[in-house]
Amino acid sequence: MKFLTDTHLFGILLSVASFYGISYLRDKLKASWLNPLMSSIAVIIGLLLLFDIPFEHFMEGGSVIHSFLGPVTVVLALPLYRNRKLLKAHKYSIMGGITAGVFAAVASVILFGRLFNLNELLERSIMPHSVTTPIGIGISDSLGANEGITVLSIMITGIFGVIIAPALYRLLRIVHPVAKGIGLGTAAHALGTTKAMEMGETEGAMSSLAIGVTALTTVLVIIILQVFGWY
């Protein structure tokens, strides 16, 4: 057992097995609430505690998976290229919706941070909560924030967005596929995109496109705030 947990293979196998195991159960039980990402984290933490396995041993392999975050960031350019025709056809609506979403995300953190007198480190850590994880971590590092809190806030935002989006669209009578996709991709990043793909091909394409544009727009907004001393 110790031989296995001391190798890179342990962290990799545990992560992959947990994720796909939970995904299989979710599809088999048709339990939409059983989110593979959050449930996998709970399973991994439980196993580490149950068998008294040091976190450092898990990260021997976990760090290998973490190293893929950089290449994944570059891959985000692909949806932009593949959906360039959709972007051109609806450019004003798309850019207007994404920009409004980014400003709402950033402004809400600042507003509630001041309202509830949040610790500055916590406020900076949750600033990129609507950005996909690889870029969110980069923004967190540039702000001198806590990477762990940033990742947690990103996951919670994505899961919450996936859960409430269908009901919210029905309540507000949002039926246009472009609007649905942009809303999910802008607010709930990659997790939102998985939900958008379930809704339809156009929704999925627009949500994929929104992930990259949202990340770039968020970086620009934060830079502007810092340059003018507003944050």
Side-chain angles (χ1 to χ4, degrees), residues 11 15 18-19 35-46 48-49 55-56 58-59 62-76 98-165 183-194 207 210-231:
S15 298
S18 299
F19 183 84
N35 183 271
L37 185 59
M38 290 300 290
S39 299
S40 296
I41 293 173
V43 168
I44 291 172
I45 292 174
L48 294 182
L49 292 174
F55 178 70
E56 292 74 17
F58 167 75
M59 281 306 294
S63 61
V64 175
I65 297 176
H66 188 272
S67 67
F68 285 108
L69 287 176
V72 167
T73 305
V74 179
V75 171
L76 289 175
I98 291 175
T99 301
V102 170
F103 273 100
V106 173
S108 65
V109 172
I110 297 175
L111 176 63
F112 285 107
R114 302 297 186 269
L115 183 63
F116 295 104
N117 195 28
L118 293 181
N119 177 279
E120 184 178 350
L121 176 63
L122 178 60
E123 184 179 314
R124 290 176 178 270
S125 299
I126 62 177
M127 178 64 73
H129 65 280
S130 285
V131 178
T132 190
T133 304
I135 296 178
I137 290 175
I139 294 174
S140 179
D141 290 341
S142 70
L143 292 174
N146 184 289
E147 182 180 305
I149 297 176
T150 297
V151 173
L152 181 61
S153 69
I154 290 172
M155 289 191 297
I156 291 174
T157 300
I159 293 170
F160 186 68
V162 168
I163 292 172
I164 70 167
L184 274 165
T186 301
H189 43 80
L191 288 175
T193 299
T194 61
S207 186
I211 292 176
V213 179
T214 297
L216 293 174
T217 306
T218 301
V219 171
L220 289 174
V221 168
I222 291 177
I223 290 175
I224 290 171
L225 290 175
Q226 290 180 321
V227 167
F228 286 94
W230 296 334
Y231 187 74

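The model shown is predicted, which means the values in this text are computed figures rather than measured ones.
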Compare every heavy atom of [Y] with every heavy atom of [X], then report the nearest pair and how far apart it is.
| X | Y | result |
| --- | --- | --- |
| Thr193 | Ser207 | OG1-OG, 2.8 Å |
| Ala187 | Ser130 | O-OG, 3.3 Å |
| His129 | Ala105 | CE1-O, 3.3 Å |
| Thr150 | Pro128 | CG2-CG, 3.7 Å |
| Leu121 | Gly144 | CD1-O, 3.6 Å |
| Ala210 | Ile98 | CA-CD1, 3.9 Å |

### Query
Does the Thr132 side chain pair with the main chain of Ala190, one donor and one acceptor, at a distance under 3.5 Å?
no
### Message
Between Ser108 (side chain only) and Ala104 (backbone N and O only), is there a donor and an acceptor less than 3.5 Å apart?
### Response
yes
### Query
Where does the angle between the aromatic ring planes of Phe55 and Phe58 fall among parallel (under 30°), tilted (30 to 60°) and perpendicular (over 60°)?
tilted
Would you give the length of the straight line joining atom [atom1] of [X] to atom [atom2] of [Y], rounded to the nearest 0.5 angstrom?
| X | Y | atom1 | atom2 | answer |
| --- | --- | --- | --- | --- |
| Leu118 | Ile126 | CG | CD1 | 6.0 Å |
| Leu152 | Ile41 | CG | CD1 | 7.5 Å |
| Leu122 | Arg124 | CG | CZ | 12.0 Å |
| Leu216 | Ile211 | CG | CD1 | 12.0 Å |
| Ile44 | Ser39 | CD1 | OG | 11.0 Å |
| Ile149 | Ile154 | CD1 | CD1 | 12.0 Å |

### Task
Check step by step if side-chain hydrogen bond (donor to acceptor under 3.5 Å, both in side chains) holds for Ser40 and Ser18.
CA-CA 5 Å; Ser40 296; Ser18 299; 5.3 Å; no
### Message
Walk me through whether Ile110 and Leu225 qualify under side chain to side chain contact (heavy atoms under 4.5 Å, CB included).
### Response
CA-CA 11 Å; Ile110 297 175; Leu225 290 175; 4.3 Å; yes
### Message
So Val131 and His189, do their side chains get closer than 4.5 Å, heavy atoms only?
### Response
no
